Amino acid sequence: MEKLKWILALALLSLRLHPLALMRIRPARRINGHLSLPGDKAISHRAAIISALSSGTSRIENFSTADDCVATLACLKKMGVGVKFETGGKALLIEGVGLEGLRAPRSPLDCRNSGSTMRMLAGVLAGQSFEAVLTGDESLRERPMNRIIKPLELMGARVESNEGRAPLRINGSRPLKAISYEMPVASAQVKTCILLAGLFANGRTEVIESSGRTRDHTERMLHCYGVDIKTSDLQNANLLSNKISLEPPAELKAHDGAIAGDISSAAFFIAAAALLPGSKLEIKRVGLNPTRTQFLSTLRSLGADIRQELIDYGGWIDFPDFNEIYGDLFVDGGPGLAPTEEGESNVLRGALIPQLIDELPMLAVLGTQVIGGLTIRDASELRLKETDRIAATVENLRAMGVEVEEHEDGLTILSRTRLRGARLDSHGDHRIAMAFSVAALVAEGDSEIEGADCVSVSFPEFYTLLESVVER
Ligand code: S3P
């Protein structure tokens with residue numbers, strides 16, 4: 001029996017790691033149907049970590065099914081946190097160990113492909129009185145970590161790395177020194193890392209965002225778990241700068257909540273429906289946090305027909321001011337996209353970029369169907385994601401017959417182009433695989449996506465749900 005389990009585990013592993021899992025995609029006529037999506041990945045990471053540090057059990061509904069979030073849960077379990085599914089599987093129960101209760105892990109914590117897991121847990125580990133190692137897969141071990149090492153060292157933690165990359169060996173210190181830190185890059189992961197370390201500091205920790213506001217789920221959630229946290233106007237996502245500060249709490253209070261559908265996953269379906277005339281798509285209960293909805297605004301400014309209804313406050317319902325809002329989205333496919341205003345609507349740049357960061361590959365594909373094309377600038381962060389997303393996007397667009405210029409910090413699609421079916425390479429990056437799966441639906445002729453199984457990093461159900469709404 002034991003042997004059979006191992007054979008099965010190895011077989012599954014080889015399937016998962018097969019670099020050439022090919023997905024064949026035929027063009028679609030339109031998108032028709034309704035969907036509900038798994039919980040938001042970014043909120044799920046935070047719910048897991050903050051609940052783990054709380055006193056008491058938190059019950060979380062609609063927790064993300066992403067491999068990335070599975071990695072976060074596995075790391076927390078290794079440090080003694082109880083994680084289990086409620087009978088019936090509707091909610092995840094996280095038995096918090098309190099701010100003082102994490103145990104030293106016996107082996108390295110494997111963050112797999114997940115930058116969020118590594119950067120957020122690094123903030124927590126900086127405040128522990130034990131040593132721990134964070135590691136990950138080949139892609140994660142290539143990604144820059146100095147952006148978190150520097151502030152954590154300023155706070156008094158010792159972090160050994162492989163020249164600024166993982167594995168990271170973190171020697172925590174308690175209490176950490178409270179700092180005021182202006183972030184050199186607009187990154188919600190870095191902000192979260194410092195705020196989580198701030199829970200273990202000897203005074204008020206301050207983070208300053210000066211080059212555009214990033215997603216604010218951490219701020220909202222820490223407030224709901226009882227932390228004295230101050231931030232600029234939560235309703236105004238367009239503020240260029242923002243200052244967040246928190247006082248270390250005596251304890252975090254466990255909290256029940258429900259996580260709305262992931263808007264970054266919804267983006268692929270919204271794009272497909274907007275591109276295919278005659279489409280009618282409804283997506284229920286999608287998270288509409290103002291720091292995440294720029295994709296909808298941008299599409300609307302290109303003439304897409306997207307309505308939202310039934311806005312409600314979900315999640316951590318006792319805190320209307322800090323709560324995450326959600327709503328239902330309705331998309332009708334139109335005859336084509338074009339800027340609806342005079343000026344620069346064919347150009348995406350500046351403070352908009354951090355709020356579109358995960359949607360940019362999809363927007364580049366959409367840009368091929370916009371009259372006048374589309375330019376994306378100020379997005380050099382894309383080169384530091386799971387793969388170099390500028391290079392991967394340009395390569396795949398060219399394979400589909402698009403004339404595109406590559407810039408160090410973005411790309412320019414010169415004009416509206418009829419896409420040609422092609423063999424496309426995901427480069428093992430989930431968002432590249434999904435963006436080009438949508439491109440394949442609107443192309444002429446069949447396409448193949450190499451390494452398409454990587455979609456499970458954020459959205460294991462992607463292909464099943466896509467097939468359920470595609471009409472051919
Ligand atoms: C995330 C922040 C973003 C985003 C990532 C999730 C988060 O990364 O790209 O998918 O949950 O905070 P950066 O902080 O590196 O911009």
Side-chain angles (χ1 to χ4, degrees), residues 39-50 63-64 66-69 71-72 111-124 136 139-140 142-151 164-166 181 183-196 207 209 211-222 237 242 244 259-260 262-268 287 289 291-292 294-295 324 351-363 376 378-390 392-393 409 429-435 454-455 457-459:
D40 186 86
K41 172 166 90 72
I43 300 179
S44 295
H45 282 298
R46 289 158 171 85
I49 295 171
I50 296 171
F63 191 85
S64 165
D67 287 355
D68 272 10
C69 295
T72 293
C111 307
R112 295 164 63 168
N113 193 243
S114 174
S116 298
T117 305
M118 181 165 287
R119 295 190 177 123
M120 292 180 199
L121 285 181
V124 173
S139 147
L140 186 54
E142 283 296 314
R143 295 180 64 187
M145 292 298 150
N146 276 333
R147 53 184 64 196
I148 56 163
I149 295 174
K150 193 169 164 224
R165 300 183 200 289
Y181 191 75
M183 292 199 300
V185 278
S187 160
Q189 291 177 356
V190 174
K191 173 174 68 175
T192 301
C193 171
I194 301 168
L195 292 176
L196 291 175
V207 182
E209 297 186 299
S211 49
R213 241 179 130 161
T214 63
R215 60 188 72 185
D216 62 8
H217 307 301
T218 308
E219 295 89 304
R220 290 172 187 267
M221 198 176 291
L222 283 173
N242 186 21
I244 308 112
I259 298 175
D262 193 321
I263 189 166
S264 297
S265 298
F268 301 105
N289 175 313
T291 58
R292 297 285 297 282
Q294 183 57 45
F295 178 74
E324 297 280 354
L352 289 186
I353 295 299
Q355 296 183 10
L356 286 171
I357 193 74
D358 290 337
E359 286 71 66
L360 289 172
M362 189 64 257
L363 277 167
I376 297 172
D378 301 325
S380 49
E381 273 293 302
L382 282 184
R383 295 206 183 269
L384 306 172
K385 295 290 178 190
E386 286 82 331
T387 188
D388 176 340
R389 285 185 179 162
I390 296 178
T393 301
D409 65 346
D429 183 314
H430 52 130
R431 297 203 198 276
I432 297 292
M434 292 188 278
C454 67
V455 299
V457 160
S458 63
F459 194 6

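Each ligand, and each atom within it, is numbered from 1 in the order the structure gives. Just so you know, these numbers come straight off a predicted model, no measurement behind them.
- Distance alone, capped at 3.5 Å, is enough to place a donor-acceptor pair between the Asp262 side chain and the Lys41 backbone.
- Taking Ala188 as the reference, Arg46, Thr214, Arg215 meet the side chain to side chain contact (heavy atoms under 4.5 Å, CB included) condition, with sequence neighbours excluded.
- For Leu356 against Phe295, the heavy-atom pair with the smallest separation is CD2-N, 3.4 Å.
- Each of Ala42, Arg46, Ser116, Arg119, Met120, Ser187, Ala188, Gln189, Arg215, Ile357, Asp358, Lys385 has a non-hydrogen atom positioned under 4.0 Å from some atom of ligand 1.
- Distance check: Met434 CE to Met362 CE gives 10.5 Å after rounding to the nearest 0.5 Å.
- Scored by the side chain to side chain contact (heavy atoms under 4.5 Å, CB included) test, Ala379 finds Ile353, Leu360, Ile376, Leu382 as partners (sequence neighbours excluded).
- Scanning for side chain to side chain contact (heavy atoms under 4.5 Å, CB included) contacts around Cys454 gives Ser426, Ala433, with sequence neighbours left out.
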